[in-house]
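Convention: sequence-line order gives letters A, B, ...; per-chain numbering from 1. FYI, side chains are in, hydrogens and waters are out, and symmetry mates aren't considered; it's all heavy atoms of this structure. Just so you know, these numbers come straight off a predicted model, no measurement behind them.
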Amino acid sequence: MNEVRTRFAPSPTGWLHIGGVRTALFEILFAHHHGGEAILRIDDTDQDRLVPDAISGLIEDLSWVGLHFDEGPSNEEIPLDANGRASGMGIGGPFQPYTQSLRLHRYREIAEQLIGLGCAYRCDCTPERLQEERAEQAARKDPLGYSGFCRDRHVSSQVPHVVRFKIPQDRSMVLADAVKGDVRWDPIILRDPVLLKSDGFPTYHLATVADDHDMRISHVLRADEWLSTAPLHLLLYETLGWDAPVFAHLPPVLGTDGKKLSKRHGATFLRTFREAGYLPEAILNFMALIGWSPGDGEEEEIFSLAELTRRFTLERVNNAGGVFSYEKLKWMNGVYIRSLSAPDLQARLRPFLISANLPIDEDKLGRIIPHIQPRLELLPDAVPLVAFLFTDRIERDMSAMLKKGMDAGTASAICTKAAEQLASLPAFDAASIEAALRRVAEESGAKSGPVFAVVRIAVTGKTVTPPLFESIFALGRQQSVHRLNETVDILKIG
RNA sequence: GGCGCUAUCGUCUAACGGUUAGGACAGAGCCCUCUCAAGGCUUAAAUACGGGUUCGAUUCCCGUUAGCGCUACCA
């Protein structure tokens, strides 16, 4: 295989969609598997749908999730933000610019060439005319689409117009798709599609074919929904005398109802997953497994990006669409959280604890990290588990404490004894704390379970916490004893 | 409507004509256990339907059904 070059060409119409992440991931996995390059191109040909700052947002999202392209928009191409600041996230490369709105002259040149060849023509039909045409077709129950009214009218270049591609009659086409296999259209049914819009911008079809050719793209990996327009693209390559790249149409990522994943299924923007506390590594690993699998009877499914790159082939890409399972992503996120080093987890947790308004004490946090680690599915799950460490006043669920045969007198005695024991411990560590509390249980004559439950609520305020002894150790002797005594007072009043 | 794509447990998928149809998530049960997790073990659960081809079809072919996509001066 010659040099492999793939491209990911999102439209800057908003945040990066999770489905886009899967496409971008496959572009990179495939290119890098073959030692080639993955190119990031900005498809901003629809001026009406542009969203300010979307380009830098897209690049930032891609970078956060760990998808790094080899070529892409340079710093100069990326618009300044609202404050006039540069994003500094440019990539650059030998085929600059990588932003389609900056390549308009090229598309116009090709459109002119096509007109000269007699393969395209100017059309000045108004939207109203087109609308009427469609209404008539609908009334007659004919197939909808442009009639070709302007095909031979030789519309002047001086009037507002679009440029349409002249679809040859009675042509058939076969696409040797790298994942779908041979797909044939016989005959091709296309209605003279617009190549150049009246605002001078190209449509997707022209722009993508021109750029893929100019940028030496060898493999076009793209979503399934493009399959029906593939014959048009093939035709364009053919009439322009260019070699077409290899196409690979990727199966769609679906919502639980089997329709394309969209907002009503839940989060769809990568940004949202980031804010919800998902790890980039987990997201990539999970997305790789929708529409691709290692096969060969491999039963492992936790793969690093490097491992995915090593294993990825188009042959193993699935044909059928796959439902995006939030449940499984969550599970996998937990797997990745558990695999983090303690300092790494602590660092990743920090922003979430801060946004929950917890005044973090790094030492205390460090002590509890290993014990909350297996209890997290999402990063913010840590908040309720560690909050007791960072506040002076805790709310205690007293009704939970005095449940199941536990009366105030007994509870009070337990807290008193526990406070005494903890205060007099020669060494204040988890093992010693455990020994002390077991002694308290023994002396009180109650079972250790209920005793620990009382202490747990007394010290943390909650019924669900990290392991008790480690929690007390993390909190520190002084505060723990204080909270125990506080509880005795509360029980007295109550 | 037309054209195209797709079809294995609820979900993601494995099985490149011969398997007791395997794994993972979710579910159930048990073990471990100071709560909650994590972990270990066990369990239930699928080849859409109908025809072919073949000694033999999840696998190849055809049809049916269902779902999805496209049918724009959106991508």
Report task. Kindly determine whether R311(A) and E307(A) satisfy salt bridge (charged side-chain N to carboxylate O under 4.0 Å, His left out), including the steps that lead there. Result -> CA-CA 6 Å; R311(A) 292 172 178 259; E307(A) 188 62 18; 2.8 Å; yes
**Report entry** Check: W226(A) ring centroid to F247(A) ring centroid under 6.0 Å
**Finding:** no
Report task. Between S293(A) and V335(A), name the one whose nearest nucleotide on RNA chain B is closer to the 5' end. Result -> S293(A)
Requested in this report: Let me see the working for D224(A) and K180(A) under salt bridge (charged side-chain N to carboxylate O under 4.0 Å, His left out), right down to the final yes or no.
Outcome: CA-CA 10 Å; D224(A) 208 78; K180(A) 303 280 181 197; 2.8 Å; yes
**Report entry** C1' atoms of rU47(B) and rC31(B), separation to the nearest Å
**Finding:** 35 Å
Query raised in the report: Can you check the D182(A) CG to rC5(B) C1' distance for me, whole Å?
Result: 14 Å
Query raised in the report: So, Y237(A) versus H213(A), ring centres under 6.0 angstrom or not?
Result: no
Query - Pairwise side-chain contact, L475(A) with I368(A), heavy-atom cut-off 4.5 Å (strictly under) - result: no
Query raised in the report: Is the distance between the ring centroids of F428(A) and F469(A) less than 6.0 Å?
Result: no
Requested in this report: Determine, using ring centers only, whether F8(A) and F26(A) are less than 6.0 Å apart.
Outcome: no
Query raised in the report: Are the ring centres of Y107(A) and F201(A) closer than 6.0 Å?
Result: no
Report task. Respond yes when some side-chain nitrogen or oxygen of R338(A) is under 4.0 Å from OP1 or OP2 of rG39(B), and no when none is. Result -> yes
Query raised in the report: How does protein contact run along nucleotides 30-36 of chain B, one letter per nucleotide 5' to 3', with B for base contact, S for sugar-phosphate only, - for none, heavy atoms under 4.0 Å?
Result: ----BBB
Query raised in the report: Roughly, in whole Å, what's the span from CD1 in I369(A) to C1' in rA38(B)?
Result: 16 Å
Query raised in the report: Nearest-Å distance, CG (N285(A)) to C1' (rU13(B))?
Result: 14 Å
Requested in this report: Summarise how protein sits on nucleotides 63-75 of chain B as a single string, 5' to 3': B when a protein heavy atom is under 4.0 Å from the base, S for sugar-phosphate-only contact, - for no contact.
Outcome: -----SBSS-BSB
Requested in this report: Between rG29(B) and rU65(B), how far apart are the C1' atoms? Round to whole Å, please.
Outcome: 39 Å
Query raised in the report: Are any of R316(A)'s side-chain N or O atoms less than 4.0 Å away from OP1 or OP2 of rA14(B)?
Result: yes
Report task. Provide the distance between the two C1' atoms, one in rA44(B) and one in rC32(B), to the nearest whole Å. Result -> 24 Å
**Report entry** N-O pairing of E225(A) and K260(A) below 4.0 Å
**Finding:** yes
Query raised in the report: So, do Y121(A) and F165(A) have ring centers that fall under 6.0 Å from each other?
Result: no
Query raised in the report: Would you say L437(A) and Q421(A) make side-chain contact, with heavy atoms under 4.5 Å?
Result: no
Query raised in the report: Can a side chain N or O of N318(A) be found less than 4.0 Å away from OP1 or OP2 on rA14(B)?
Result: yes
Query raised in the report: Once you round it to whole Å, what is the distance between P of rC3(B) and NZ of K180(A)?
Result: 19 Å
Query raised in the report: Any idea which heavy atoms bring L62(A) and A24(A) closest together, and the distance?
Result: CD1-CB, 4.2 Å
Pick out the pairs of N or O atoms, protein on one side and nucleotides 19-25 of chain B on the other, that lie under 3.5 Å.
residue: rG22(B); atom: O2'; partner: E299(A); partner atom: OE2; Å: 2.8
residue: rG23(B); atom: O4'; partner: E299(A); partner atom: OE2; Å: 3.3
residue: rA24(B); atom: O4'; partner: E301(A); partner atom: OE2; Å: 3.1
residue: rA24(B); atom: O2'; partner: E301(A); partner atom: OE2; Å: 2.2
residue: rA24(B); atom: O2'; partner: K328(A); partner atom: NZ; Å: 3.2
residue: rA24(B); atom: N3; partner: K328(A); partner atom: NZ; Å: 3.2

**Report entry** Atom-to-atom span, CZ of F324(A) to C1' of rA26(B) - whole angstrom
**Finding:** 15 Å
Requested in this report: Write down the distance separating the C1' atoms in rC49(B) and rA7(B), rounded off to the nearest Å.
Outcome: 12 Å
